[in-house]
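Numbering starts at 1 and runs along the sequence shown. Note that this is a predicted model, so its numbers are computed, not measured.
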Amino acid sequence: MAKLNKKQLEWRPGQTKVRRSSRVMFASTILVLEALVVIFAGLAIFGLRGRVEGGALPLLIAFGVLAVVFILACAVVNKPWGISLGWGLQVLLILMGILEPMMFIVGIAFGLTWAYAMVKGGQMDRDNAERAREQAAWEAANPE
């Protein structure tokens with residue numbers, strides 16, 4: 001038999017499933033995609049610039065660390081300051097256009113995607129919460 005995780009061990013019949021936030025899922029997906037873009041942008045900038053003053057290793061390490069920051073931000077987007085961190089990372093992605101002008105376009109496109117995810121994800125979360133309240137009220141009014 002497979003090992004059960006903590007949530008599975010604590011489950012009891014009739015227990016309601018905790019809903020995951022659509023906004024958090026959208027934000028995490030975008031941040032992971034942006035981490036990939038940062039890695040590839042770093043490789044492209046390294047390839048276009050050839051030998052960089054001070055060596056290529058610091059440039060590649062800097063972009064690698066930045067990609068890790070994007071990935072780690074996924075863990076905190078469910079906190080209020082995590083969304084602010086995400087907005088800051090969007091600005092940073094746009095500012096990468098200073099190193100490679102095409103990154104202005106890519107950064108702005110991801111920034112617009114982030115804004116859409118924040119607005120639409122929040123709306124979906126509110127709609128889901130309203131549906132859950134209505135379902136709970138209906139179940140309380142109609143016991144079987």
Side-chain angles (χ1 to χ4, degrees), residues 1-49 52 54 56-144:
M1 184 170 155
K3 185 176 180 181
L4 300 176
N5 65 28
K6 184 179 176 184
K7 290 272 188 196
Q8 291 169 328
L9 290 172
E10 293 174 353
W11 182 84
R12 300 290 175 254
Q15 187 175 3
T16 59
K17 181 180 175 186
V18 178
R19 282 200 169 273
R20 290 191 58 201
S21 169
S22 297
R23 185 167 127 173
V24 169
M25 287 190 289
F26 288 160
S28 296
T29 303
I30 292 168
L31 288 170
V32 168
L33 292 173
E34 288 174 333
L36 293 172
V37 166
V38 167
I39 290 290
F40 290 126
L43 291 172
I45 290 169
F46 167 71
L48 291 173
R49 303 287 187 267
V52 179
L57 191 58
L59 176 75
L60 294 176
I61 289 174
F63 279 97
V65 167
L66 185 57
V68 169
V69 169
F70 273 88
I71 296 291
L72 292 177
C74 294
V76 296
V77 294
N78 59 345
K79 298 172 177 31
W81 61 271
I83 298 297
S84 299
L85 174 65
W87 280 109
L89 290 173
Q90 301 312 307
V91 170
L92 191 60
L93 190 67
I94 294 169
L95 290 177
M96 284 177 61
I98 295 170
L99 298 173
E100 173 56 43
M102 281 302 292
M103 285 304 295
F104 282 125
I105 296 170
V106 173
I108 290 170
F110 270 109
L112 291 172
T113 305
W114 178 265
Y116 181 79
M118 294 300 103
V119 171
K120 205 61 165 169
Q123 180 185 3
M124 290 172 69
D125 288 343
R126 287 187 298 276
D127 291 346
N128 287 337
E130 179 63 28
R131 273 191 219 102
R133 280 191 297 274
E134 289 174 2
Q135 181 68 30
W138 185 86
E139 288 174 357
N142 300 304
E144 293 183 304

Check: What's the shortest heavy-atom distance between G86 and W114, and which atoms?
Finding: CA-CZ2, 3.6 Å

Check: Can you check whether S21 reaches N78 side chain to side chain, under 4.5 Å on heavy atoms?
Finding: no

Next item on the list: Taking the side chain as every heavy atom from C-beta outward, state whether L31 and I71 have any atom pair closer than 4.5 Å.
Entry: no

Note to self: In the structure I gave you, are the side-chain heavy atoms of F63 and L43 within less than 4.5 Å of one another anywhere?
What the structure shows: no

Item checked: L66 side chain near L92 side chain, heavy-atom distance below 4.5 Å -> yes

Note to self: Walk me through whether L93 and L89 qualify under side chain to side chain contact (heavy atoms under 4.5 Å, CB included).
What the structure shows: CA-CA 6 Å; L93 190 67; L89 290 173; over 6 Å; no

Note to self: Looking at every non-hydrogen atom in both residues, tell me the closest pair between A35 and F70 and how far apart they are.
What the structure shows: CB-CB, 3.8 Å

Item checked: Where L60 and G42 come nearest, the two heavy atoms and their spacing -> CD2-O, 4.2 Å

Check: CE/M103 to CD1/I98 distance, rounded to the nearest 0.5 angstrom?
Finding: 11.5 Å

Check: Minimum heavy-atom separation for I94 to I108, with atom names?
Finding: CG1-N, 3.7 Å

Note to self: I need the minimum non-hydrogen distance between G121 and S22, along with the two atoms involved.
What the structure shows: O-CB, 4.2 Å

Next item on the list: Could you check if a side-chain atom of R23 sits within less than 4.5 angstrom of a side-chain atom of M118, using non-hydrogen atoms only?
Entry: yes

Check: By side chain to side chain donor-acceptor pair (under 3.5 Å), which residues pair with K120, not counting sequence neighbours?
Finding: Q123

Next item on the list: Could you tell me the separation between the CD1 atom of I105 and the CZ atom of F110, rounded to the nearest 0.5 Å?
Entry: 13.5 Å

Checklist line | Where M96 and A41 come nearest, the two heavy atoms and their spacing | finding: CE-CB, 3.7 Å

Item checked: Any pair counted as salt bridge (charged side-chain N to carboxylate O under 4.0 Å, His left out), so long as it reaches residues 122-132, sequence neighbours left out -> E130-R133

Next item on the list: Determine which pairs satisfy side chain to side chain donor-acceptor pair (under 3.5 Å) with at least one residue from residues 81-95, sequence neighbours left out, and list them in order.
Entry: E34-Q90

Check: Once you round to the nearest 0.5 Å, how far does CD1 of I45 lie from CG of L99?
Finding: 4.5 Å

Check: Between V77 and S28, does a side chain to side chain contact (heavy atoms under 4.5 Å, CB included) hold up when you go through it step by step?
Finding: CA-CA 7 Å; V77 294; S28 296; 3.7 Å; yes

